[in-house]
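Working notes for the structure below.
Keep in mind that the numbers below use all heavy atoms, side chains included, and drop hydrogens, waters and symmetry copies. Residue numbers start from 1 in every chain, and the chains themselves are labelled A, B, ... in the order their sequence lines are given, proteins ahead of strands. As the structure is a computational prediction, the values presented were derived from the model and not from experiment.
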Protein chains: 2
Amino acid sequence: MDSMLNKHGIRPTKIRRAIAELLFDGTDKHVSVDDVIDLARAQKIKTSVASVYNTLNQFAVAGLLRKVTVEQGRAFFDTNLSEHHHFYFEDEERLEDIPVDAINISGLPKLPKGRRIKSIDVTIRI
Amino acid sequence: MDSMLNKHGIRPTKIRRAIAELLFDGTDKHVSVDDVIDLARAQKIKTSVASVYNTLNQFAVAGLLRKVTVEQGRAFFDTNLSEHHHFYFEDEERLEDIPVDAINISGLPKLPKGRRIKSIDVTIRI
DNA sequence: CTAAAATTTAGAATAATTCTAAAAATTATT
DNA sequence: AATAATTTTTAGAATTATTCTAAATTTTAG
Ligand SMILES: [Mn+2]
Ligand SMILES: [Mn+2]
Ligand SMILES: [Zn+2]
Ligand SMILES: [Zn+2]
């Protein structure tokens, strides 16, 4: 776990390690800040709301998580870093992965001058 | 303008008419609530923040506008109702339309049981 | 014209997130 | 190891977008 954090330039401290262990257990997850706070509490990890925000945002900037916004006012952090897309279950406010090869995208438009693609996000609302 | 509102089951009142006139001038727009408040002020339309929220949300529910969320905490209302996609200029916090036929999507994944597609949103962040 | 219903509004409330600045922990230096 | 410097964590305040409330105003119906 520490090597994972180190590799991304994040110093492994107690709470970073604890949150990393909650998240990177091998299964793909889409967690809200609130989910992480709840998970931490369930594991008796003593931390603060501010630290959870700090840590998740740091992980996202470092490339350990991908931040996904589908609705105003609630961000999800995605542990699946490979290229993929999403179903969004509107009634359940929940994301589910779509493998990248399940959707074929071709013929992209030409980009405005001086721009590069940062990401292509396909969200299928269901 | 009144007939447009009536057609969508929205009673044409003073402020609804005024906001509709700001928005539906024939050009495609992606406006934030704040933009509309500014536009209204510039035209000496006396209204309130709550009314702008109410009106834009009503228009969206009625299908006169499409609500687009690309970032946490800021919704855009899109006057372009035809099927299309978006470039999102991250640094400028601005959307630009991509015509539907500029992107070819094929081979959609099969849907979870009992679900129907509400929309497919492709956002290219640049 | 009057009464009923719907809309608008100011300001309070809520919710997600960020900021602040002090305390605690970690790392570097003697 | 002890001390100093740096970084992280934290509680609570602040900020921002949005919604709610309940009273005032406007619109519609009789
Ligand atoms: Mn929860
Ligand atoms: Mn503005
Ligand atoms: Zn995902
Ligand atoms: Zn658009």
Would you be so kind as to tabulate the donor-acceptor pairs closer than 3.5 Å made by side chains of residues 104-111 of chain B, with sequence neighbours excluded?
none

Using a 3.5 Å cut-off and no angle test, enumerate the donor-acceptor pairs between side-chain atoms of residues 15-26 of chain B and protein atoms at least two apart in sequence or in another chain.
from  : atom 1 : to    : atom 2 : distance (Å)
B/R16 : NH1    : B/R11 : O      : 3.0
B/R17 : NH1    : B/D2  : OD1    : 2.9
B/R17 : NH1    : B/D2  : OD2    : 2.5
B/D25 : OD1    : B/T27 : N      : 3.0
B/D25 : OD1    : B/T27 : OG1    : 2.9
B/D25 : OD1    : B/K29 : NZ     : 2.8
B/D25 : OD2    : B/K29 : NZ     : 2.9

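Atoms CD1 (A/I19) and C1' (D/dT9) sit 11 Å apart, rounded to a whole Å. The distance between atom CD1 of A/I15 and atom P of D/dA11, rounded to the nearest whole Å, is 11 Å. Rounded to a whole Å, the CG atom of A/D38 is 12 Å from the P atom of C/dA16. Following rounding to the nearest Å, B/R41 (CZ) and C/dT9 (C1') show an atom-to-atom distance of 13 Å. Spacing between atom CD of B/Q58 and atom C1' of C/dT9 amounts to 13 Å, rounded to whole angstrom units. Atom CZ in A/F59 sits about 12 Å away from atom P in D/dT8, given to the nearest Å. A/D35 places its CG atom 11 Å from the P atom of C/dA16, with the value rounded to the nearest Å. Between the CG atom of A/L5 and the C1' atom of D/dT7 there is a distance of 15 Å, rounded to whole Å.
Residues B/R115 and A/F89 are in side-chain contact: their nearest non-hydrogen atoms beyond the backbone lie under 4.5 Å apart. Looking at A/R74 and B/Q72, their side chains never come closer than 4.5 Å, going by heavy atoms from C-beta outward.
The partner of D/dT27 is C/dA4, judged by Watson-Crick or G-U wobble contacts that both fall below 3.5 Å.
Checking each of B/L64, B/T55, B/V61 against B/I10 for a side-chain contact (heavy atoms from CB on, under 4.5 Å) leaves exactly one that passes, namely B/L64. Screening B/T69, B/V70, B/T123 for a side-chain contact (heavy atoms from CB on, under 4.5 Å) involving A/T69 leaves a single residue, B/T69.
Contact between the side-chain N/O atoms of A/S51 and the OP1/OP2 oxygens of D/dT9 is not found at any separation under 4.0 Å. Between B/T47 and C/dT9, a side-chain N or O to OP1/OP2 separation shorter than 4.0 Å is present.
For the ring-ring contact (aromatic ring centres under 6.0 Å, His included) test, residues two or more places apart in sequence or in another chain that qualify with B/H84 are B/H86. Taking the side-chain hydrogen bond (donor to acceptor under 3.5 Å, both in side chains) definition, one finds that B/Q43 meets it with nothing, sequence neighbours left out.
Under 4.0 Å is where a charged nitrogen must lie from a carboxylate oxygen, and between B/R125 and A/D121 at least one such pair does.
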Listed pairs, N/O of protein and of nucleotides 15-22 of chain D, under 3.5 Å:
from   : atom 1 : to    : atom 2 : distance (Å)
D/dA17 : OP1    : B/R74 : NH2    : 3.4
D/dA17 : O3'    : B/G73 : O      : 3.1
D/dT18 : OP1    : B/A75 : N      : 3.3
D/dT18 : OP2    : B/Y53 : OH     : 2.8
D/dT18 : O5'    : B/Y53 : OH     : 3.4
D/dT19 : OP2    : B/N57 : ND2    : 3.2

Could you run down the sub-3.5 Å N/O contacts of the protein with nucleotides 25-27 of chain D?
none

